[in-house]
Amino acid sequence: MQIYNTLSRKKEEFVPITPGEAHIYACGPTVYNYIHIGNARPICVFDVLRRYLESRGCKVTFVQNFTDIDDKIIRRANEEKSDYLTVSNKYIKEYKTDAAGLNVRPATVHPRATENIDEILSIISTLVEKGYAYPVPSGDVYFRTLKDKEYGKLSHQPIDDLQSGARIAVGEQKENPLDFALWKGSKPGEPSWDSPWGKGRPGWHIECSAMARRFLGKTIDIHCGGQDLIFPHHENEIAQSECCNGVPFSHYWMHNGYININNKKMSKSLGNFFTVREVAEKYGYEPIRYLMISSHYRAPINYSVEIIEQCRAALDRLYHCRDNLRFLMEHAPSGEKPGEEEIRTRMGGYEEKFNAFMDDDLNTADALSVLFDFAKDINTNLNADTEPSKELCGFALEHFMKLADVLGLLYVEKEDDTQDEEIEKLIAERTAARKAKNWAEADRIRDELKARHVVLEDTPQGVKWKISE
RNA sequence: GGCGUCAUAGCCAAGUGGUAAGGCAAGGGUCUGCAAAACCCUCAUCCCCAGUCCGAAUCUGGGUGACGCCUCCA
């Protein structure tokens with residue numbers, strides 16, 4: 001497949017280090033709050049990347065970290081009069097709830113920064129030994145940016161321009177404004193770990209270098225994250241890892257675009273964000289995932305209520321297709337009929353089209369259109385009038401759901417069958433009323449069920465019902 | 001200032017040289033006791049200007065507008 005590589009600014013054929021395997025590192029959240037829908041984008045998009053590679057037979061090792069120690073977590077802990085561990089544990093739990101709601105598979109490993117201090121110290125020590133890093137009296141250790149001749153290669157910034165924008169904050173003892181902290185000497189009341197340079201805690205960038213190396217090796221296949229991480233976070237990761245290990249850090253760098261509100265980037269610092277949780281409570285989780293899939297991952301997405309409702313409506317169409325097909329299959333006769341072979345062949349072909357789009361730098365928008373084309377084909381050719389065989393229905397359903405699953409869609413199943421019996425009873429009463437042409441009573445029962453969010457459909461094979469939102 | 005992205009119908013969104021995918025919404029129709037769902041039909045010449053070409057939404061140049069990174073951020 002082709003992947004747009006931020007490093008080369010070109011689409012490149014994806015060639016993994018080990019054929020048939022992919023080692024992917026995704027920058028995870030700093031756990032000091034609920035995630036917002038801007039955070040949800042890389043989570044969903046790179047979950048699709050992983051699902052797609054796996055669907056093509058690739059063995060994926062997917063590592064996503066939790067940054068569980070940093071200034072914001074400490075601040076939050078102080079505000080809540082608790083400690084960093086309580087805060088990070090809480091929001092990791094909430095993250096997992098949201099990720100599961102979005103049908104994002106847990107990573108192969110979810111390492112936490114504070115559980116990888118040894119690896120972090122090991123890298124910093126090597127960098128100090130090689131002269132790429134230096135400790136200062138305050139207990140901080142900085143990366144000597146100017147010594148890295150390749151610094152800036154990811155963000156494609158001339159080093160002079162980067163330098164002119166950088167500032168040395170009050171109290172910092174850097175040699176150069178561009179130098180960044182690998183280790184921060186502890187301040188009173190802050191959580192700290194022992195190090196050769198005194199008590200302190202890791203800088204943000206070094207965590208990812210350490211966790212990537214420990215769980216994926218010195219050179220990985222793909223590193224991904226939001227575009228706002230290109231500089232300085234990913235640039236710094238490259239600098240640390242490559243100066244320490246002497247080999248390329250990651251062959252491919254993938255960066256997703258932002259979620260905007262009124263064309264402005266959604267971010268916690270601007271305060272113009274919606275949490276995944278609050279949107280999910282109103283519209284469900286799946287429309288959020290659909291939104292992420294509906295456009296190309298590098299393009300910006302403007303979020304609004306109108307758009308999320310459109311996503312809900314589009315999903316309804318796909319769900320109807322799935323549910324109609326399931327209902328039909330239950331009532332279909334066994335034994336392939338003449339002419340079904342042709343339909344089977346055609347329907348088997350959608351996967352190839354789907355894959356062709358996905359191969360083009362994860363063109364999920366076009367891949368999704370294949371799913372809709374497939375749905376129309378199913379609706380037109382597999383219905384109560386055409387009376388397809390159980391085998392053909394099963395074939396179509398399996399292939400349709402396979403594609404949906406690569407995108408991570410159509411994962412919601414009817415739950416709560418405690419009231420099924422009562423619903424079935426009412427439906428039977430309505431059927432009897434209809435038979436007696438007592439339309440008023442039939443409609444009354446239908447309205448009653450509707451009030452309980454049960455929507456009916458009369459079909460030649462009987463009454464079909466489902467719970468609506 | 002440096003680097004970069006984007007501009008396609010009422011809304012969302014693909015397409016990046018050969019005559020505009022898909023979804024939502026809307027209108028008309030078929031089916032239905034009525035519905036629902038489904039199906040059929042209708043619904044754009046691609047921000048502006050100038051070029052290149054037999055041919056451009058797609059390439060080049062120039063505008064206009066929006067946005068991002070260069071500081072914590074997915």
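Protein chains get the first letters and strands the later ones, always in sequence-line order, with residue 1 at the start of each. Only heavy atoms go into these numbers, but all of them, side chains included; no hydrogens, no water, no symmetry mates.
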Original post:
Between B:rC70, B:rG15, B:rG4, which one does the side chain of A:Arg9 approach most closely?
Top reply: B:rG4
**OP:** Describe the nucleic acid contact of A:His255 in one word from base, sugar-phosphate, nothing, applying a heavy-atom distance below 4.0 Å.
**Re:** nothing
**OP:** Using the six-membered ring wherever Trp is involved, compare the ring planes of A:Phe231 and A:Tyr151 and label them parallel, tilted or perpendicular (cut-offs 30° and 60°).
**Re:** perpendicular
Subject >> Nearest-Å distance for atom pair CG/C1', residues A:Leu371 and B:rA21 >> reply: 14 Å
Subject >> Distance under 6.0 Å and angle within 45° of ring axis: A:Arg298 vs A:Tyr4 >> reply: yes
Original post:
Would you call A:Gln2 and A:Phe14 a side-chain contact if the rule is heavy atoms closer than 4.5 Å?
Top reply: no
Original post:
Should we say atom NZ of A:Lys187 is surrounded by more than 12 heavy atoms from elsewhere, each under 6.0 Å from it?
Top reply: no
Original post:
Going by heavy atoms in the side chains, are A:Asp361 and A:Tyr297 under 4.5 Å from each other?
Top reply: yes
Subject >> Rounded interatomic separation in angstrom, taking CG from A:Leu409 and P from B:rG22 >> reply: 19 Å
Subject >> Protein-nucleotide distance (A:Leu362, atom CG; B:rA14, atom P), rounded to Å >> reply: 13 Å
Original post:
Counting side-chain heavy atoms from CB outward, which of B:rC72, B:rC11, B:rA25 is closest to A:Ser269?
Top reply: B:rC72
Original post:
What's the CG-P distance between A:Asn256 and B:rC67, to the nearest Å?
Top reply: 20 Å
Subject >> Base versus backbone protein contacts along nucleotides 28-41 of chain B [heavy-atom cut-off under 4.0 Å; B, S, -] >> reply: -----BBBBSSSS-
Original post:
Base, sugar-phosphate alone, or nothing: which one does A:Ser267 contact when heavy atoms must sit under 4.0 Å apart?
Top reply: base
Subject >> Reported CG-to-CG distance for the pair A:Leu178 and A:Asp160, which is rounded to 0.5 angstrom >> reply: 9.5 Å
Original post:
Just to confirm, is there a sub-4.0 Å distance from OP1 or OP2 of B:rC67 to any side-chain nitrogen or oxygen of A:Lys264?
Top reply: yes
Subject >> B:rG23 base / A:Gln310 side chain donor-acceptor hit below 3.5 Å >> reply: yes
Subject >> Closest nucleotide among B:rG23, B:rG15, B:rA74 to the A:Ala314 side chain >> reply: B:rG23
Original post:
Would you call the rings of A:Trp253 and A:His255 parallel, tilted or perpendicular if under 30° counts as parallel and over 60° as perpendicular?
Top reply: parallel
**OP:** Remember a base hit wins even if backbone is also touched, and classify A:Tyr258 as base, sugar-phosphate or nothing at under 4.0 Å, heavy atoms.
**Re:** base
Original post:
Among B:rG23, B:rG2, B:rA14, which is the nearest nucleotide to the side chain of A:Tyr290?
Top reply: B:rG23
**OP:** For A:Leu368, answer base if it contacts any base atom (sugar-phosphate contacts may also be present), sugar-phosphate if it contacts only those atoms, and nothing otherwise; contact means non-hydrogen atoms under 4.0 Å.
**Re:** nothing
Subject >> Spacing between A:Ile230 atom CD1 and B:rG4 atom P, to the nearest angstrom >> reply: 12 Å
Subject >> Interatomic distance where CD1 belongs to A:Ile301 and P belongs to B:rA14 [whole Å] >> reply: 8 Å
**OP:** Any chance you could lay out the salt bridge (charged side-chain N to carboxylate O under 4.0 Å, His left out) test for A:Asp360 and A:Lys11, step after step, and finish with the verdict?
**Re:** CA-CA 9 Å; A:Asp360 182 15; A:Lys11 280 186 194 173; 2.8 Å; yes
Subject >> Gap between atoms NZ and C1', on A:Lys353 and B:rA21 respectively (whole Å) >> reply: 12 Å
Original post:
So which nucleotide from B:rC70, B:rC67, B:rC12 ends up closest to the side chain of A:Ile307?
Top reply: B:rC12
